[in-house]
Structure formats: structure tokens, C-alpha cells
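Below you'll find the structure, written out as C-alpha cells, and then a few comments.
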There are 2 protein chains.
Amino acid sequence: MAHKNIPDIVIGRLPIYLRSLQRMAQEGRQVTSSQELGERLGISAAQIRKDLSQFGEFGKQGTGYNIEFLSNKIRDILNVNRNWDVAIIGAGDIGGALARYNGFNQRGFTIKMIFDNNPSKIGMKIDNFTVLDIANLKEEIAGAGVQVAMMAVPAAYAQDVADRLVAAGIKAILNYAPVNLNVPAGVRVQHIDPAVHLQRMTYYLD
Amino acid sequence: MAHKNIPDIVIGRLPIYLRSLQRMAQEGRQVTSSQELGERLGISAAQIRKDLSQFGEFGKQGTGYNIEFLSNKIRDILNVNRNWDVAIIGAGDIGGALARYNGFNQRGFTIKMIFDNNPSKIGMKIDNFTVLDIANLKEEIAGAGVQVAMMAVPAAYAQDVADRLVAAGIKAILNYAPVNLNVPAGVRVQHIDPAVHLQRMTYYLD
DNA sequence: TAGATTGTTAATCGATTAACAATC
DNA sequence: TAGATTGTTAATCGATTAACAATC
């Protein structure tokens with residue numbers, strides 16, 4: 001797709017806006033404003049308007065934004081007005097929690113498969129999924145055309161698994177292992193590491 | 001502690017540097033350079049040097065940085081040369097996974113207690129911990145002087161639990177619920193929401 | 001010494017904010 | 001209409017990078 005040159009930091013805020021809008025919709029709200037949204041999120045109203053203006057004109061002067069309409073526009077932008085198939089690698093505590101979590105579907109993602117290398121886990125049921133042998137990772141993922149993966153494997157295996165995911169055609173990896181991954185251009189990686197987040201906060205404590 | 005005015009974005013990179021340094025140490029390495037570290041992390045060498053220079057002079061011209069020395073300096077800066085007691089709220093899949101995860105100790109955190117409101121979980125054992133009644137949250141946390149919490153409760157309860165954590169003296173909250181939290185100044189919040197991270201990546205897919 | 005790499009400065013680049021005309 | 005809020009511009013603010021003297 002031909003993107004104008006939108007800063008990644010703007011893209012990073014859109015899912016936050018979307019999440020907040022969806023919550024407002026659940027509360028039965030119809031309309032909001034950049035000011036209200038900004039107050040909820042701790043972001044300036046000007047920044048929200050600026051961010052959205054990169055993609056079009058979604059509001060009405062005097063009244064603000066229709067929540068349902070704006071949500072749909074943001075979903076379009078983020079490519080989550082469709083559902084993406086997702087593979088989970090690692091059927092431990094975290095992989096299992098991800099497999100059982102039922103919040104992904106309404107946000108653009110459908111868990112399709114979960115892998116492990118531990119013979120005592122392979123074949124086991126987690127939620128509706130039978131744990132697959134990681135030896136078959138490439139065939140299963142490439143065969144199903146899955147492009148998005150969540151990795152929750154021990155740190156020591158993470159880079160190796162990432163390489164195999166890339167070889168299988170995965171284009172986006174959410175990595176729960178506490179290591180940096182090196183992937184080729186064209187593959188996106190995001191990291192979730194609770195200790196990193198905690199350390200970001202302890203700086204300010206005493 | 002009296003902080004010079006260090007940008008939060010710099011603080012946010014320090015845990016990443018630290019994690020990478022610790023990995024190098026495990027690999028038996030003694031010395032590194034801003035260039036090597038930058039290549040591993042996808043960050044420019046200049047930026048790493050600039051970030052570190054905010055806090056002191058930790059390297060040697062010509063040779064680079066002693067890994068053990070620099071790690072210790074960063075731990076000092078981030079306040080994780082001590083261990084912080086941590087409370088987990090929510091004994092579901094995620095709370096349980098956090099309680100069982102054994103990587104926190106070596107990174108500055110010691111899980112001390114886990115709470116739930118479900119009578120069938122209260123009193124249950126998770127790892128070494130007995131699940132405590134969330135009704136006693138304030139006494140337990142304030143009594144133990146815990147300042148750091150990880151919240152893995154349903155979205156609908158998240159703000160309420162956060163308010164109670166603040167009242168109990170918690171100063172840093174790592175929030176796994178997919179909602180924005182409003183907390184008073186002086187309390188830090190970080191969010192972990194896998195769907196947000198995935199949506200940040202799907203923008204670039206097609 | 002020669003080579004390498006730091007710490008730092010100045011220049012560049014990019015992101016945020018303030019302000020307001022347009023307009024619902 | 002009067003009031004409110006957008007989209008956008010220009011100004012400000014902050015972060016990143018390039019470059020290099022200092023020096024190990």
C-alpha cells in the first residue's frame with residue numbers, strides 16, 4: 001500500500017485513540033471532541049487533531065467527532081477492519097494466557113494456532129487449540145498464510161524462532177522474550193517486557 | 001532524588017541498553033562500544049553516547065565501555081541496584097503467569113503478594129504465593145510498604161483497583177487491562193496491551 | 001605510536017503547541 | 001444566531017545526528 005509519510009509515532013497513538021473510542025461507544029456515547037479524548041488520554045487536543053488530519057477530515061466544526069464513524073476510519077487506517085490470523089509460539093504460561101484471552105477478536109485478530117517444542121505439550125488442548133509441534137512451524141504457518149505471530153518462548157530460543165517465523169512468511173512479530181530480535185527489513189517487531197516497563201518507572205521513585 | 005531534567009524518552013531507552021548489556025555479560029563479553037550496542041538495538045551510536053552522557057562519563061576513548069561497570073551505572077540511575085517489592089492484582093491467566101515468571105528478581109523486582117476477588121481463588125497457591133483477598137488490599141500493601149504493582153484485572157474493574165492501589169501507597173502501576181488509567185500526579189503508569197502493539201504493526205501490512 | 005572510540009558541540013531534523021479562520 | 005470545535009498554519013520546542021577534538 002502506498003502510505004504518505006506518516007511518522008511512526010503517530011501510528012503508535014492511533015490504537016490508543018481507537019481503544020478509548022471503543023470504550024466510549026460501549027458507554028453509549030455518540031460523539032466526542034479532541035478535547036475530551038485528550039483529557040482521557042493525557043494528550044493535547046491539538047495533537048489529536050493534528051494526528052487525525054494526516055489521514056483526512058473526520059470531524060465537524062462545532063460538534064466534534066462521531067465516535068462510530070471515527071472508530072471505523074481509524075480501523076481502516078490501521079488495517080484492522082479485517083481480521084488477521086495470528087500464530088502463537090510457545091505454549092507456556094504466557095502463550096497459554098494469550099491463547100485463552102478472548103479480547104483479540106473484536107480488535108482485529110484471530111488466534112489460529114499455537115506451537116511448542118515440548119513433547120509433553122504437543123497435542124495438548126489449550127482453549128480450542130491443539131498444541132502443534134514447532135517442527136512443523138513453517139508448513140503450518142506458510143500453508144495457512146499467517147502473517148502475524150506472538151512469540152512467548154525462552155530468551156535463548158527467541159532469535160532462532162524469529163528466524164524461522166520470517167522464513168515461514170511472518171511479517172509482524174510481537175515478542176514477549178526479553179531479548180532484542182534482528183529481523184530483515186519488511187518485518188515489524190514489537191517487544192513486550194514487563195521488567196523494562198517497571199524499570200522505566202523506578203527511575204522516578206525513591 | 002533530585003533529577004536533572006532528563007527527557008523521559010531517554011529514561012525509556014536505558015532499560016533496553018541494560019537488557020542488552022546483561023545479555024552481553026552472559027555471553028562472557030567484557031567490553032562493548034556505542035557502535036556495537038547500537039547495531040544490536042537498531043539505535044544510532046551517537047544517540048547512545050548522548051543518552052549516557054546525561055548521567056556521567058562511563059566509557060574510555062579508544063576502548064569503549066566496560067560492560068559490568070556500565071550495567072551497574074545504569075542500574076544505579078534506574079534505581080534497580082536494589083530490589084523493589086511488587087504486588088500483583090488479579091490471579092487469572094496473566095497474573096498467574098507473572099507470579100510464576102522467575103526473571104524479575106535479577107532485574108530489580110521481587111514479587112511479594114498476589115490478590116484476587118474470586119472466593120474460589122483466594123487461599124489458593126500460585127507458585128509460593130497464597131492468593132490474598134482483594135478486600136485486604138490496602139492493609140496488606142500499605143502494611144508491607146509496597147510501592148510497585150502489576151494489574152491484571154478485567155477492564156471493568158481496572159480504574160477502581162487503580163484508585164485503591166493509589167490509596168494504599170502504590171507509586172508505579174504496570175497495567176495489563178486494555179483501558180487508560182487516571183491517576184494523580186506522582187504515580188507512574190505503564191500500559192501493556194498486546195492488541196495495541198499488534199495494531200501498530202498491521203498499519204504497515206497489506 | 002597509530003588506531004579507535006569517547007563525550008560534546010553545533011546543525012539538522014522532526015514533533016508539539018498555540019492560535020485562529022472556517023464553519024457546523 | 002451564538003457557541004463550539006474543527007483543520008491547519010506558523011512558531012516553538014525538543015530530539016537526533018554529524019562531526020571532531022580529546023584521549024585512551
Indicate whether the side chain of B:Thr110 and that of B:Asp85 have a donor and an acceptor atom separated by less than 3.5 Å. no
Establish, from distance only, whether the side-chain atoms of B:Asp8 and A:Tyr204 form a donor-acceptor pair under 3.5 Å. yes
Verdict with reasoning, B:Gln47 to B:Asp51, per side chain to side chain donor-acceptor pair (under 3.5 Å): CA-CA 6 Å; B:Gln47 178 155 87; B:Asp51 285 353; 5.1 Å; no
Rounded to whole Å, please give me the gap between [atom1] in [X] and [atom2] in [N].
X	N	atom1	atom2	result
B:Ile48	C:dT6	CD1	C1'	13 Å
B:Leu70	C:dT6	CG	P	10 Å
B:Asn66	D:dC24	CG	P	16 Å
B:Glu39	C:dT5	CD	C1'	14 Å

Considering only NZ, NE, NH1 and NH2 on the basic side and carboxylate oxygens on the acidic side, decide whether B:Arg40 and B:Glu27 come within less than 4.0 Å. yes
Is the shortest distance from a Lys or Arg side-chain nitrogen in B:Arg29 or B:Glu36 to a carboxylate oxygen in the other one below 4.0 Å? yes
What stem regions, each of at least 3 consecutive Watson-Crick or G-U pairs below 3.5 Å, can be found for DNA chain C? C:3-24 with D:3-24
Would you tell me if any nitrogen or oxygen in the side chain of A:Ser34 comes within less than 4.0 Å of OP1 or OP2 on D:dT5? no
Contact pattern, 5' to 3', of nucleotides 7-17 of chain D - B, S or - by protein heavy atom under 4.0 Å: BBB-----SBB
Closest non-hydrogen atom pair between B:Leu98 and A:Pro194, with its separation: CD2-CG, 4.3 Å
Derivation and outcome, salt bridge (Lys or Arg N to Asp or Glu O under 4.0 Å), residues B:Asp93 and A:Arg100: CA-CA 8 Å; B:Asp93 280 332; A:Arg100 277 184 289 269; 3.0 Å; yes
Not counting sequence neighbours, which residues clear side chain to side chain contact (heavy atoms under 4.5 Å, CB included) with A:His191? List them please. A:Asn175, A:Asn180, A:Leu181, A:Val189, B:Arg19
